[in-house]
Structures are given as structure tokens and as C-alpha cells.
Amino acid sequence: MMTTSSALDDCLDTSHNENSSTTGTLTSWARLANITDHKSWMNEIQHNGHKPDDWLFYLNYIEDNCGVQNQHEKLLYMDQAYRKARENIPMENNQTNQALATIFLNSAQVKLNLGSQGKARYLLRYARANFKCIPRVHLAAAQFELDQGDKAKCISILEKANAICPNERKFSVALQRARAGLETLVDRKETEVITGPKPVSESVSKLALPESLGVVQQKQQETDTQCSQTDSSQGGGFKHASNSAFTRVPSINGDGAPPGPSAHGVGHIQSTPVQRIRTGQYSTGSALSIDRLNSASGFKRPGSCSRTTRPPQRVMRQKLVLKKGGTSEDDDEDEEEDIGSLENGVKPLETSPTESSVQSQVPAHLSVITEDGDSGIAVATPPTDDLKETAASNSKFSFPAGPERLTEPKRMDSKELEKPQIPPQQVGQDQTDNPSTSLSRPPGHVDVPLQMASSVPPSVQLPLQSQPPVQSQPPVMCKQPVVSHSVPERKDQIHIKGVTYTIIKVIGKGGSSKVYQVLHEDSKKIFAVKYVDLECSDHQIVQSYKNEITVLRRLQNKEPIIKLYDFEITPSHIYLVMECGSIDLASFLRKKRVVKDDILFYWRQMLTAVQCIHDEGIIHRDLKPANFLFVEGSLKLIDFGIANAIQSDKTSVTRESQVGTLNYMSPETIQGSDGSQGNGSSNMKINCKSDVWSLGCILYYIIYGKTPFQSITNTMMKLQAICNKDYQIHFPDVGDPLLTDVVKSCLVRDVRKRPSIKDLLSHPYVSSRNVSKESPKPVATMNDSEVMNLMSKLNTNHSSSPRSLELAMALQKYLGSHSDGHRQGKENRHPLQDVNTNGQSHKGNNPMSMFFSD
Ligand SMILES: Nc1ncnc2c1ncn2[C@@H]1O[C@H](COP(=O)(O)OP(=O)(O)OP(=O)(O)O)[C@@H](O)[C@H]1O
């Protein structure tokens, strides 16, 4: 069997050879069809000027004849092939070309089958923007959104399409169907009428296609209305296509010869989205999706479910409340922006952000080189090529086997399906309801029964420590929550495993993540929810977040580690429900210069936290102030994205890439192994002492207000300075020799001479002094307007319900709990801290009063 990459190399990465014996000699597809040598075929396509029809013919041929048996590999293979096609076919003058539109739709289908909804969506947007007058493109995009559970977006797409082609009856029909809550935008019956293909390109139409090539006799179904913008100069234009109709995709020819173009090539081109996109033929999709594929747009979910076991039920994925960028205020506006920007420059898709440039979104600690305070820099890891990326994006669905494998989805029986649907607030997005998938529900959490109550037992709340190992399923569309479309979703809410959280505000941002402060309405407690958009993250990033979950779970019995209460992983996103801290050390230090007396408090807390993870054989590798968080006055460690576990029989880990934040990065991480001057090798051994260096940099920053190498702005010079033993770090006198000694010892370049955390804890600076009783505690960082905002949200959403009072009380309690013992003056106190338990404000203008006046 050919391997994906070599096959692609052989078949696709061919450069045109002017002297090729085939070039210029093969003038018809009849001859071309006899070419078994892909290189020659490529030459021919290139010679013909990368016509979409030629490409489509070729793509259909290789789909059937590439020899790749493994379905997943075949998808990867076809993904690459479609990408090549998209890259090579000029968009100019092809915007009414049906073959090219089909290539885009098929590309989206492949992406979807590979589990990349985001990329599928992007391709569809691109197609909509560029093939404005091809109705099936809009219908397919609308169907896609409907399948994703976003009826509003589906309708919006159809309305826009309708505005472009007002006479297109399909749009009005589809709109009616969408509004009526039907699953498919086109009547399924219509799809059963198979009509004859219409040749698209002249070269193709010249061919008389023998029936032996698999052409199915088809009949005209319905004449499409024509769009006024049809470019009739194009063979594959809408006008032309409107006369073509539904086709059936024939099976592979018995003799293995390429099918006739009308059958396999342009035969794909449908006049409506009611088509079967051939790539779906070997999809691992569920029966449901295949059913949908046949009956609707041709777009279906990537499936890992059994083909045969799922009833053809209406199973919709709940619309994500949070989108890339964190808000979903107006998805459609976002979309218009995308389309607009794409329209401005019609170009091959390789320039799209979700394709080759996806690596530009790698977070700072992975590859972005910046020189700004805590963000620091990291040494870039090489971008993955599209194939790897695709494989990677797929591999994110194969979450680690063993303890993290989720269970098989529960199935609904027909009775359950008939049950009335419940509002989305009561429906989780999780792929499973297995209680063991949850670490521990937030305190006070009561699981809301799902609609499939009889088949899915309610989650059982288990204490974290006694929790059985989390099992995972490939987080691909196995069990979808059922979402009522009659109840509008709240955009200020996040639903995680059936639990609703109200967003209070954004409290942090990482490379690909956003952290929200949320209110869990049932327990009335505040949590932090980290949201990671996987659709726009590359493999490495996805892995880092999964790594974070794995490491965090392992460390949950450690006090100085942030608590992880729950998490949810789907192909499109990750949610982590954590305890909420008030402020990270970086933000705190930016606001407040630490007085010398407090340094020991912070230092000891940091040492204790890091000792905890070292005891567990884990190296954090990205210690920096932003990764220490104040939680009720204590510093806790967060962000274990690049943390590494050391094998029990080893003392270090070997890394293939350099990661971390440069201002805090140890010399050995930068240069080579074990602190010796490196030879540029990309393999490096790092051990726990690497974290000690980073801690030294943090301590230095606390003492002197800058990191040791911060003043060197040139990246290369900084790298050299960190590694260069002759480069002297300055340690100005601060009047505390012990403190100076500690920080000096941490910043020794020779790893062997650098102390361990244990050594540092027994250093006289730490061991011989007491921390003052009243430890510094930063207050919660919610300002008046944020509180007002939350209050008004609660007020609006629960309109005079007694709940609003409860929630307000919870908020008050939360803020109160963060106010004790802090050292800030009264002038910095939050007004709510002055609210007494009766809800009466000591101040006149308390935002809580609106609730208490109830
Ligand atoms: N549990 C929490 N409570 C309060 N704030 C938090 C919490 N977790 C994270 N934050 C805030 O969000 C910021 C980003 O979080 P985090 O570092 O975990 O994200 P990340 O995507 O891993 O970031 P990076 O790209 O730097 O690795 C933190 O610096 C902190 O300010």
C-alpha cells in the first residue's frame, strides 16, 4: 500500500517537464485516462493550464485508484490532493466554474471527515465568497451550519444567498425548511431522481463516455433558475450548471480504468447541494451522517461512530457559545468580515489562515518571538506542513488511550427521541455522560438530567481524589446533545457537560486560549473557565492543552496547584473548569512593587509550589510570573502546557524543540545538554534545575523590577548572553546578603552547581526567617462596572426572580472572601466589600442595591 506522503510526492509534487514526452501530446481526456503515471498526468494538467475540470477528473480518478486502503489515510491523501488542486487552480475567471466549486465542496467534506470543522467551515466561507452565483455552494454552507446545530447561521447564509440570487427557488425552499426545523434544506425525495450529467468543460464534453465507465443513466430533474450573475463564458458556469442536474456517483469501474469525466469528474457537479460527495464514500461517518450526506448538502460530520447502530435521529450539536476570539456577539458579522476579506483578493486558498499559516497562531511559548515582558520569546519550532498538520488535527481526536478513553456513546431509543426537547441550558456539549469523564463537579453542582434520561444516568458527583480514571472516547461526534431550536441560546453563557456557567468577564488570555471568570449559577460560586479554540490551533498547541489536563489531573492532590474541577474536549474546543484566582503574579507585579519584607512570602510560596511538582517528577518548563496565580492569598501554579514528566529511571527529559519564555529560559534549554556549551543540537536534556533558573529570573524580577537579561533587546544577543558564562549578571546590593545569595545561586549557569528546590528551601534566607503573619493578599479584580454588568445580566436574565438576589449574594460572598487580610488601603476596596450581610451598603451607591431593593 502506498504511504500517504510518498504517494503524494510521487503523484503530486511533480514539476512540469517541458520535454516530457507526454506534454503536448495528450490532447484529450480519452488519452489522458489511459495515463497511469501520475507524473505525466500532472504534466498534462499543468500543460492545459490547471483547468478545474481536469483537476476534478484527476481527483476523482485518484480517489478510486490511489490504492490506499486505510480510510483515514485515504482521507489524508485526498486532503493533500485537494489542497494541491486548490493551490494550483487560479481562482480568477473561475468563479462560476462548477468543477472548481465542487473541488472546494469536496475539500470541505474531506476536512470535515478528518474532523476539522473549522477548516471545513473556512473552505465553505471561501467558496461562498468566490462562487456567489452557484446556489449549491450556499446551500451546502447553510446545510453545514445546520448540521453543526447553528440554525440561525444557516438561515442567515440562505438569506444572504437569496439576496444575491432572488430568483433562486431553492433558497426560498431551503429557508422554509430551515425555519420549519427540518434537518435537510432540500427535499430528500429530490435527491432520488438521478439525472444525467452535463459536461462542464469543452474538453470533457467532447468525450463520448462509454457506459462501461460507470456512467449512470440519469434524467433531468428540475431546471434550476438562473442567477443573473452567471458568467456564461465559463464552461462550468452557473447557467450551464443550472441545466445539469442531480447525478449519482458511480462506483469504481470494474476494470480499474478511470471513469469518464462526466461520471466521476464533472459528474460530481451537482446543481444543488443534494449530492453525495464522493469522499464521503470511504468516510468513517455514521449512518446518520451518511444519511444526511445523501439527503442534504453532502456535508457530514466526521464520524467515528458505528455506521450501523445509530438511528436516523435528529442529533444536533449544540452551538458553541464561545467562538474564536471569545465572543460570539455576532457570528455573522464575523463571517461577513471573513468573506469580505477573502473577496478582496481572490486567491488560492493556501494563503488562508486555517491552512498553511495556521502556525502563525502558535502561542508565544512555542514559537512566537517577542520581546515583551512576560511574554518573552521562545525559539520557534518548525511549522508543520499541511500533511502533518492535517494528520495532527486528526490525531487530536485520538486522545490518549487507556485511562483517558471515553466510553461508547449512549444511544437513544425511538421513545426517547420523541420526548420534548429541553432548553440548551440543560444540555451539555459533552460527548459523553459518563460520570467518570468529569474530574469533580464544581462544589454544589447538581447534575441536570439530560434529555436522554432513561438511557443516560445522571452524572454522579465524585470527590476528585476518589474519581476513577477519566476515560475518553475519541471526541468525535459520537453522542451529540439534543438542542432545542426554539429556545435561543444565551451568548453570555458557557455550557460544559450540561452545566451552565454565566460569563462574568475575561480574566486572562493565552496563546490560543481565553480564560473567563464565570458564575456557576446553581452553586453560586465563581470559577475560571479556560476555553481553547482547537479549530484554529495546530497539533502542537492541541497537544499542549491535552498535556496540561493530564498533568493537572495528576497534581490535583497538591495544594499549591490550581484545582481543575472539570473539563470538556471536543474536536473544536477544550474547556477547563478551574478554581478562580484573583490575579496572576505578573499582573500583580506590574501594578505593585513588592516591598522587601514580602519577597520572602512570595519566594517561599513559589518554592513550595515547584517542589510539589518536582516531587511528582514533573518539570514545569515555563515558569514565569504569569503562571503563578493568587488564590485566596496563596500562590498557585497554573499552565502546565509544556510541563514534562521525567521517567522514573531518568533525571532529565530530552526535548526536540526549545520551549518556554526566553526571559526566564535556562541556558541548558537554549543551548544543548546539561549546561555545557551546546553544539546547536536540537536535542536537549533538561532537568528540574531548569525550573530553578526560571525561579531565579522571577526572583530577580521581583527584586530589581526586571529580568536578568531583559535589557538586551536583540534576541540573538540575549540568547548568547544567557548561555555565555563570561556574561556577568549584575546583582546590585539590596541590603539583604542572604536574598542576594539566593538569587545568585539560582542563576548559576552550571546546572550541577545550581541548587535544587530542596536546597533553596533550606537556604538560610528561607529557613531562618519567619514570614509575617499577615501575608499579602491581592483583592479580587472585579471593578464596579464589571459588577454592574454582571448584576444587570443577572437581573435581565432572571427578571425579578429571587435567584437574582441569591446570585448577588453569592457574588458578594465571593468578593468578601477575597477581601480579607489584604494589605491594600480602604481606598482600594471594592464597594461590595462594604455591603453587610443584610445587603445594606455602607456607601450610598452600591450596585447591589438594585437586588436588595427587591
Ligand atoms: N484559574 C484561573 N483563575 C484566574 N485567572 C486565570 C486562571 N487560569 C488562567 N488565568 C489567567 O489567564 C492567563 C492565561 O492563562 P494560561 O497561562 O493558563 O493560558 P495559556 O493559554 O496556557 O497561556 P500561555 O499561552 O501563556 O501558555 C493567566 O496568566 C492568568 O492571568
Side-chain angles (χ1 to χ4, degrees), residues 322 324-326 361-370 372-378 381 439 442 501 503-520 525-534 536-538 540-552 555-556 560-567 573-591 609 620-643 659-665 694 698 778-782 786 814 818:
L322 301 171
K324 180 188 169 194
Q361 300 181 30
V362 174
H365 71 265
L366 291 178
S367 76
V368 178
I369 297 184
T370 60
D372 179 29
D374 286 320
S375 57
I377 84 148
T381 50
L439 279 172
Y501 301 88
I503 297 172
I504 299 171
K505 63 173 180 174
V506 176
I507 46 174
K509 281 183 187 172
S512 303
S513 70
K514 256 189 181 175
V515 184
Y516 297 87
Q517 189 179 53
V518 299
L519 181 71
H520 177 239
K525 289 195 171 157
I526 305 266
F527 295 94
V529 168
K530 185 160 163 176
Y531 163 72
V532 185
D533 181 354
L534 296 186
C536 297
S537 305
D538 74 9
Q540 205 163 9
I541 299 173
V542 173
Q543 279 311 321
S544 78
Y545 287 110
K546 287 180 177 175
N547 186 50
E548 176 164 15
I549 292 172
T550 308
V551 175
L552 266 179
L555 295 169
Q556 282 303 291
I561 309 301
I562 199 76
K563 289 275 169 286
L564 174 68
Y565 292 116
D566 209 345
F567 65 88
H573 68 261
I574 294 177
Y575 283 125
L576 277 76
V577 182
M578 300 175 283
E579 69 180 319
C580 188
S582 50
I583 187 169
D584 67 66
L585 187 59
S587 312
F588 180 71
L589 293 174
R590 270 196 295 271
K591 285 182 186 168
H620 190 284
R621 303 204 303 137
D622 194 19
L623 291 178
K624 57 185 178 184
N627 287 338
F628 284 97
L629 189 70
F630 281 100
V631 183
E632 296 186 357
S634 299
L635 278 177
K636 293 200 173 193
L637 258 178
I638 58 170
D639 192 0
F640 291 84
I642 57 171
V659 285
T661 306
L662 189 55
N663 276 328
Y664 301 89
M665 195 186 283
S694 304
I698 298 174
V779 293
T781 53
M782 200 187 299
E786 286 159 355
Y814 166 75
H818 283 74

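Values below: every heavy atom of this structure, side chains too, minus hydrogens, waters and symmetry copies. Indexing begins at 1, ligand by ligand and atom by atom, following the structure's order.
Between the side chain of Q517 and the main chain of I507, no donor-acceptor pair closer than 3.5 Å is present.
Contacts between K509 and ligand 1 below 4.0 angstrom, taking non-hydrogen atoms only, involve the backbone exclusively. Only the side chain of N627 comes within contact range of ligand 1, with a heavy atom under 4.0 Å; no backbone atom does. Here L629 has side-chain heavy atoms under 4.0 Å from ligand 1, and that is the only part of it that gets that close. In K624, the part holding a heavy atom less than 4.0 Å from any atom of ligand 1 is the side chain.
Every N/O-N/O distance between I562 and ligand 1 stays at or above 3.5 Å. Residue M578 has no N or O atom closer than 3.5 Å to an N or O atom of ligand 1. Polar contact with ligand 1: present for S513 (N/O pair, distance under 3.5 Å). When only interatomic distances are considered, the shortest N/O to N/O separation between E548 and ligand 1 does not fall below 3.5 Å.
Numbered from 1 in the order shown, with element, the atoms of ligand 1 that lie under 4.0 Å from a heavy atom of C580 read 3 (N). Using a 4.0 Å cut-off to heavy atoms of D639, the atoms of ligand 1 that qualify are 17 (O), 18 (O), 20 (P), 22 (O), 23 (O), 24 (P), 26 (O), 27 (O). Close approach of ligand 1 to K530 is summarised as follows: ligand atoms under 4.0 Å from at least one heavy atom of the residue are 16 (P), 18 (O), 19 (O), 20 (P), 21 (O), 22 (O).
Proximity of Y545 to ligand 1 is established by a heavy-atom distance of less than 4.0 Å.
Taking the six-membered ring for Trp and thresholds of 30 and 60 degrees, F527 and Y501 have ring planes more than 60 degrees apart, a perpendicular arrangement.
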